[in-house]
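Here is the structure we will look at, set down as structure tokens.
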Amino acid sequence: MTSLNQIGQQAKTAAHKLALLDTATKNHGLQSMANALIANQATILEANKRDLANTSEMPKKFLDRLMLNEQRITDMANGLRSIAQLPDPTAQIDRGWISDDGLQIIQRRVPLGVIGIIFEARPNVTADATGLTFKSGNAVILRGGKESLQTNLAIAKTLREALVQDNLPADAVQMVADPSHERAQEMMNLTDYIDVLIPRGGRGLIQRVVKTATVPVIETGAGNCHVYIDKDADLKMATAITVNAKVQRPSVCNAAEKLLIHKDVAKQYLPTIAHALIDHGVQLRGDQTACEIVPEIAPATTEDWDTEYNDLIMAVKVVDDLDEAINHINNHSTHHSETIITNSLEQGRQFQEQIDSACVYVNASTRFTDGGMFGFGAEIGISTQKLHARGPMGLHQLTTIKYEITGNGQVRK
């Protein structure tokens, strides 16, 4: 088995080559990788069946993340093609000026270098991360969970073979074949080779990486996301958005986990919304007022307000006003995605200005917090921190800046 040091050395070498590629070459490589995914989908699906068979006892929400089909492979390929259509950030000069000493200073975008990603069950991360890192001129080292190992290896092999056919460095993408915690810990300390580490998964994984890694980390967020229904909300819109945010794909981080509703419309609106959720199989837990309005709602515990369910479960709270909703969200959310349903422009602006989360919506589902939906082609993750990157991370967030200074003999006095 290849050592992590060797993988790191190979990634560093590949990163130096990738940084010199022009945009047309990178775009051709992305198209080749997309074509290879479609051509090899039978092999990838067979590997995915083996993973699913080995994890049949996992909860349904995790199986949904792991499962691939032809459409999901097509979506991965289309994601790579979309990335090829996006502007190349490393071809961009941010600004330039002449200093008082006559120095010509240019600030330009350059790759971060080698990006490490530790993730759990979603094999689409392998293709998405490869596409984004490749287009931005970075090499990537991927370590997926044991439950998706065979699928990840099949996808990575397919992408590497496509790069080789294009005379491009295969080590632009490397998959760590050992999914053990010890190997992950070793990767967290690979400071000689990895420039930044990005964890993608549940809160436990993310916090373990943040607390123990010596490699710089971009924290991607667990999603305790909220829907707040204001007193001026339209009931039809509120119902449609709440149901979509909760049930369209409940296992992902941008699915809504909490429903807050203004007391002035709770008795009128909550029964309709609650039963629409129940009809979709959602188990509801609520505060005392919510339980009194809708008897099918079970009492919530203190822990419920801070829990990311990733399942067909939602907690409901009746609040006195917008200020209470904002305070509750800021105190209990993971600062990922929140939405207000309202016909009041003033209330919507206050919500967007005062909520401390990466993505704050008015009259739209939290499910749109996604690199693809934002026009990034795909995403490397959704950052809930505030340094360097926040929200869905696309190509731009995988670059840093470099200053290129040209003089004509100047020396400092």
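Computed from heavy atoms alone, side chains included, the values below leave out hydrogens, waters and symmetry copies.
Side-chain atoms of Y361 and E338 form no donor-acceptor pair, as typed in the model, at a separation below 3.5 Å. For the 3.5 Å distance criterion, the side chains of E219 and Q207 qualify, holding a donor opposite an acceptor. Side-chain N/O atoms of E292 and Q288 include a donor and acceptor closer than 3.5 Å.
Classification of K386 and D356 as a salt-bridged pair holds, one side-chain N sitting under 4.0 Å from a carboxylate O. Comment: K231 does not engage D320 in a salt bridge, judged by the lack of any side-chain N to carboxylate O separation of less than 4.0 angstrom. A salt bridge between E120 and R200 is absent, with no side-chain N of the basic residue lying under 4.0 Å from a carboxylate O of the acidic one. Ion pairing between D88 and K135 fails under the 4.0 Å rule for side-chain N and carboxylate O. Comment: D166 does not engage R160 in a salt bridge, judged by the lack of any side-chain N to carboxylate O separation of less than 4.0 angstrom. Under 4.0 Å is where a charged nitrogen must lie from a carboxylate oxygen, and between D94 and R109 at least one such pair does.
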Criterion side-chain hydrogen bond (donor to acceptor under 3.5 Å, both in side chains) on T133 and N138, from CA distance to verdict: CA-CA 5 Å; T133 54; N138 298 284; over 6 Å; no
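No option in K246, M314, H332 other than K246 meets the side chain to side chain contact (heavy atoms under 4.5 Å, CB included) test with E257.
With hydrogens and angles ignored, the 3.5 Å screen pairs a side-chain donor or acceptor of Q397 with a backbone N or O of G394. The closest donor-acceptor contact from the side chain of Q174 to the backbone of I141 lies at 3.5 Å or more, if one exists at all. A donor-acceptor pair is defined here as one N or O able to donate and one able to accept, closer than 3.5 Å; no such pair exists between the side chain of N48 and the backbone of I44. With hydrogens and angles disregarded, no donor-acceptor distance shorter than 3.5 Å links the side chain of N224 to the backbone of E308.
Across every non-hydrogen atom of D370 and N254, the tightest pair is CB-ND2, 4.4 Å.
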